[in-house]
Amino acid sequence: MFKKLDEVKVLRDPIHDYIHIEYKIIWDCVNSREFQRLRRIKQQGSSFVTYHTAEHTRFGHSLGVYEIVRRMCEEVKGIRNSLTLEDKIVVMLAGLLHDIGHGPFSHTFEAISDIKHEIYSCRILEEDTEIHEILENAKRGLSSSVACVINHTHPNPLLSQMINAQLDADRMDYLLRDAYFTGTTYGEFDLERILRTLRVKDNTIMVKESGIHSIEDYIMARYHMYWQVYYHPVARSFESVLSALFERMRDLLAVNPNALNGLHVFDGFINVDKPTLEDHFLLDENVCFYGFQQLMFHDDKILSDLARRLVNRDLFQYKDIDDSKLIEQITKRATRAGYHPKYYIRMDRVRQRPYQPVGDDKSIWILMDNGEVKEISESSTIVSSLIKGRNRHDNKLFFPKGI
Ligand code: CA
C-alpha cells in the first residue's frame with residue numbers, strides 16, 4: 001500500500017542539511033503540480049522588501065516541516081512505538097501539505113481576499129486535484145485523514161500536535177528557516193536538543209524537564225522574530241500598499257466590470273465571490289507581479305501609482321498612532337497634497353504573544369523528573385514572566401512620503 005522508492009531521495013537543505021524521502025507517495029506529492037506551485041510563493045510574502053535575501057519559498061519550508069515530522073516519527077520513541085505505518089504516512093503528508101492552500105503574499109492576501117488558506121488546503125486534498133488522486137490511489141479515504149490532521153479533527157490528537165500546536169514541526173522549521181534567510185540570529189534555537197527531549201505521555205507530546213532551556217530559547221526566538229522580522233514596519237508598509245491596490249481594483253470594478261482593460265490575472269479574487277481551485281492554482285506571486293507591472297500603465301492614476309509603488313518599492317512612510325489628532329492632521333495634509341485618503345492613509349495594528357498558556361493540547365507540556373506534568377509557564381520563570389508582562393502591540397499609520 002505504501003511503497004518505498006528503490007532508492008531514498010536525498011535533498012540538500014540549508015536548515016536540515018538533508019531531507020530524506022523514502023516513500024513513493026511522498027515523492028509523488030512533491031512532484032504534483034499543486035506542490036510545485038509552492039515554488040512560486042515566498043514563505044514570507046513581504047519580508048524581502050526589508051531583508052533582501054528573504055526570497056525562500058513555501059516549497060522549501062513544506063519540505064522542512066515534512067523532514068522534522070519524519071524525524072519525530074523515527075527518533076522520538078513514544079511516537080515511533082505508538083503510531084502505525086499508516087499514521088506515520090498520514091502525519092508526514094500533513095506536514096508536507098499543510099501550506100498547500102496558501103495564496104500569494106501569505107496572510108495579507110487572506111485578509112484582502114477573505115480566503116483562509118486552511119480551507120483551501122483541505123479542498124486541494126479532498127477535491128479533484130493531482131494530490132487527491134495520488135492519495136486516494138494509495139488508499140481510499142487517505143486524503144480525508146490528512147485533511148483531518150491539518151484541521152485538528154483527527155481521532156488521534158498526537159498527529160495534529162506534531163504539525164499544529166505551540167511547539168510543532170511547522171513553527172520549528174519556519175523560525176529556523178526565516179532566521180537563516182533573513183540573515184538574522186533571532187530565530188535560532190537548538191532543534192536537535194528539542195527532538196532529543198520530546199516524550200509522549202497520555203497520548204500528548206511533552207518535553208522532559210532537562211529540555212526546558214531549549215524550549216525557553218525557542219519561545220524567545222519566536223518573540224524576537226515577530227518584532228524584528230514578521231512585524232517589521234517596512235514589510236507592513238508593502239502590505240498596506242498591496243491592500244490599497246486591491247481595494248482600488250475592487251472599487252473600479254464595482255462601477256465598470258471592464259475596468260481592468262482585459263487584465264484577468266486577479267479575476268478569481270476580485271470579481272467572483274469564491275475562487276475555484278483552478279483560479280487559486282493560477283494565482284501566485286509571479287503572476288501578481290506581472291499584473292502589477294501591467295497596472296502601472298493603467299489610466300486610473302491611483303491604480304497605476306499604487307502598482308508602481310509595489311514594483312519599485314516606493315513604499316509608504318509610517319508613524320506610531322498615539323492620538324487621533326495625528327491621524328486627522330496627516331489625513332488633511334495628504335488630501336491637500338492630492339492623495340485620496342481611502343487608499344493613501346492606511347492603518348495597521350498588530351499584537352503578539354510568544355506563548356499562550358491555554359492549557360489545551362496545543363500547549364507546551366513539561367514532563368518533570370518526578371513524573372508530574374506541568375505546563376511550561378508553570379515550570380519556567382522566563383516563560384512565566386514573558387506572559388505576565390503587558391501584551392505587546394504596535395499600531396501604525398502608513399502614508400506617502402513627503403507630505
Ligand atoms: Ca507553515
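As the structure lists them, so they are numbered: ligands from 1, and atoms in each ligand from 1.
- The atom of Asp170 that is an N, O or S and sits closest to the Ca ion (ligand 1) is OD1.
- Of all N/O/S atoms in Asp99, OD2 sits nearest the Ca ion (ligand 1).
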| task | Could you give me the CA-CA distance, side-chain angles and deciding distance for Phe316 and Phe399, then say whether ring-ring contact (aromatic ring centres under 6.0 Å, His included) is met? | result | CA-CA 5 Å; Phe316 291 165; Phe399 51 95; 8.2 Å; no
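- Salt-bridge check for Arg177 with Asp13: passed, with a basic side-chain N closer than 4.0 Å to an acidic carboxylate O.
- Not one N/O/S atom of Asp173, from backbone or side chain, sits under 3.0 Å from the Ca ion (ligand 1).
- Tested against Gln36, the residues Arg39, Arg33, Glu34, Arg40 include a single side-chain hydrogen bond (donor to acceptor under 3.5 Å, both in side chains) partner, Arg39.
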| message | Run the ring-ring contact (aromatic ring centres under 6.0 Å, His included) test on Phe238 and Phe105 for me, step by step, so that the C-alpha distance in whole Å, both residues' side-chain angles and the decisive distance to 0.1 Å come before the verdict. | response | CA-CA 10 Å; Phe238 179 89; Phe105 306 111; 5.8 Å; yes
